[in-house]
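Below, chain A is the first sequence line, B the second, and so on; all start at residue 1.
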2 protein chains.
Amino acid sequence: MIVHVPQIGRVQCERCPIRHRAVCAKCDADELAHLDTIKAYRSWKAGETVVMEGEALDFAASVVAGCATLTRSLEDGRTQMVGLLMPSDFIGRPGRATAPYEVVAATDLTLCMFRREPFQALLAEMPHIRERLLEMSLDELDAAREWMLLLGRKTAREKVASLLLIVLRRSTLDTAGGAHAELPLSREAMAAYLGLTIETVSRQITALRKDGVITLQGNRGIECGDLFALAGEAGEDFDGSVIS
Amino acid sequence: MIVHVPQIGRVQCERCPIRHRAVCAKCDADELAHLDTIKAYRSWKAGETVVMEGEALDFAASVVAGCATLTRSLEDGRTQMVGLLMPSDFIGRPGRATAPYEVVAATDLTLCMFRREPFQALLAEMPHIRERLLEMSLDELDAAREWMLLLGRKTAREKVASLLLIVLRRSTLDTAGGAHAELPLSREAMAAYLGLTIETVSRQITALRKDGVITLQGNRGIECGDLFALAGEAGEDFDGSVIS
DNA sequence: CGGCCGGTTGATCTCAGTCAATGCGTGTGG
DNA sequence: CCACACGCATTGACTGAGATCAACCGGCCG
């Protein structure tokens with residue numbers, strides 16, 4: 001079910017915050033001008049459903065602001081998050097008319113949307129978009145496989161540390177080696193992402209706090225003075241550096 | 001380490017068994033002719049390593065015959081299979097020079113290989129290959145996400161049933177609703193794929209046999225008289241039909 | 001004030017992991 | 001030809017990490 005929230009003011013592509021990372025990253029000025037004519041912004045409040053699993057998907061979109069989740073479910077209600085969409089990430093698949101996943105706004109969310117058919121046409125005309133979409137899909141595939149390693153082989157503590165690390169690496173860095181951030185996910189969403197229960201997530205966060213690896217500010221705020229230490233807890237082979 | 005096995009006789013692209021499903025599926029006769037000039041076949045015995053994790057990857061390739069596995073590992077040796085490559089599946093990524101996964105021949109394996117630079121050039125010249133690669137990458141992404149649901153939320157019995165179902169659906173169907181196949185994977189490889197131990201895999205296979213869901217012929221042969229029943233055990237929402 | 005929602009904490013249970021022994025088929029060397 | 005070892009799979013006994021069930025806490029809103 002699409003919840004209709006008033007569209008926020010349209011931003012010109014040239015000034016768009018995700019201009020250089022989204023599916024349109026490689027487009028030139030002319031192409032952007034064309035995109036400007038067919039795009040539409042729409043917003044959702046945190047918790048609202050954007051698309052239901054199995055529902056018709058008559059659009060493609062980029063996340064402009066906020067955070068959305070992709071989840072798959074079994075009949076009996078067990079659910080697993082299979083993707084976490086941050087600004088510049090893409091929703092939709094050329095040649096596919098129904099959504100294989102449920103899409104939910106994790107925080108307040110704004111999408112830059114294209115109706116399906118015009119977008120298909122765009123893909124045919126603009127090689128820059130096809131190229132960028134391939135790159136982004138391959139990045140998603142790598143991320144999904146990394147997540148498979150986490151789901152299949154990491155302990156609860158390592159899983160929680162890995163997620164915190166992902167969020168912290170995307171956020172403000174303070175003095176050398178430290179960072180703080182607001183979690184975009186509730187405990188329930190974290191559990192769905194990690195293949196755990198909310199109780200276990202809560203216990204592991206508490207444990208990491210008691211062990212001095214992180215400190216908390218309220219339910220959503222986390223701070224970590226030593227990302228290398230956190231990376232160690234996450235079972236990572238490498239360093240605590242920021243992603244590119 | 002690449003183990004050098006004598007190349008098997010080169011097959012003309014036109015007569016290639018994976019002609020219509022591989023990365024070259026959309027190519028026309030001229031394009032195939034060009035491919036013919038730059039490809040090379042190479043074979044590996046079951047168990048041999050094709051590429052090590054983190055090693056330089058100076059080629060792209062399609063699986064012509066046999067079955068290969070992609071695995072990611074943690075420092076302490078825990079490993080998770082993140083992909084199972086069957087004939088027509090693709091190895092390698094444009095713009096990436098090192099392998100993020102270990103590639104191992106699960107059965108005797110033959111690849112159709114292209115050196116990296118010529119393949120990059122090909123991608124630039126032949127939109128048909130780019131298009132097909134995008135399609136295949138998106139299919140892989142869907143498969144990876146399906147696997148995330150399995151790893152995060154399914155029980156050991158459901159996991160094993162799911163894997164058997166995948167193998168059986170790819171194989172010969174007998175009378176309505178039944179199928180039999182030779183597993184391309186050892187118990188160890190199955191465990192790596194399912195995020196389980198070999199003992200648990202073995203126990204669950206035994207349990208499915210004792211419950212009359214499947215019958216075994218030796219270590220690798222499995223038969224299932226009722227794929228719908230097996231699909232039920234796998235926790236699938238839908239039917240027991242063959243994949244496209 | 002009271003109910004609700006999200007999160008934490010505690011007690012107990014259970015499924016899958018661990019450790020260890022055994023079975024079975026195959027190849028090898030005396 | 002047999003004896004043995006080796007690789008792979010099975011089976012059993014026990015353990016433990018994380019799930020389950022349940023109580024409780026604190027902030028927020030009507």
OP1 or OP2 of dA19(D) less than 4.0 angstrom from a side-chain nitrogen or oxygen of Thr200(A), does that happen here?
-> yes

Which is true for Gly47(A) with a 4.0 Å heavy-atom rule: it touches a base, it touches only sugar-phosphate, or it touches nothing?
-> nothing

So, does Gln80(B) use its side chain to make a donor-acceptor pair with the main chain of Tyr193(B) at under 3.5 Å?
-> yes

Below 3.5 Å, does any donor atom in the side chain of Arg203(A) face an acceptor in the base of dG7(C), or the other way round?
-> no

With the side chain of Ala156(A) defined as its heavy atoms from C-beta on, choose the nearest nucleotide among dT8(C), dG18(D), dT11(D).
-> dG18(D)

Counting side-chain heavy atoms from CB outward, which of dT9(C), dT10(D), dG7(C) is closest to Arg187(B)?
-> dT10(D)

If you check the Leu196(A) side chain, which of dA19(D), dA16(C), dT11(D) turns out closest?
-> dA19(D)

Quick one: is dT11(D) close enough that its OP1 or OP2 comes under 4.0 Å of any side-chain N or O from Ser202(B)?
-> no

Out of dT11(D), dG7(C), dA9(D), which has the shortest distance to the side chain of Ser186(B)?
-> dA9(D)

Tell me whether the OP1 or OP2 atom of dG17(C) has a side-chain N or O from Thr197(B) closer than 4.0 Å.
-> yes

Under 3.5 Å donor-acceptor pair, Glu199(B) side-chain atoms to dC19(C) base atoms | yes

Checking side-chain contact (heavy atoms from CB on, under 4.5 Å) for the pair Val63(B)/Leu111(B): CA distance, chi angles, key distance, verdict?
-> CA-CA 5 Å; Val63(B) 177; Leu111(B) 299 183; 3.9 Å; yes

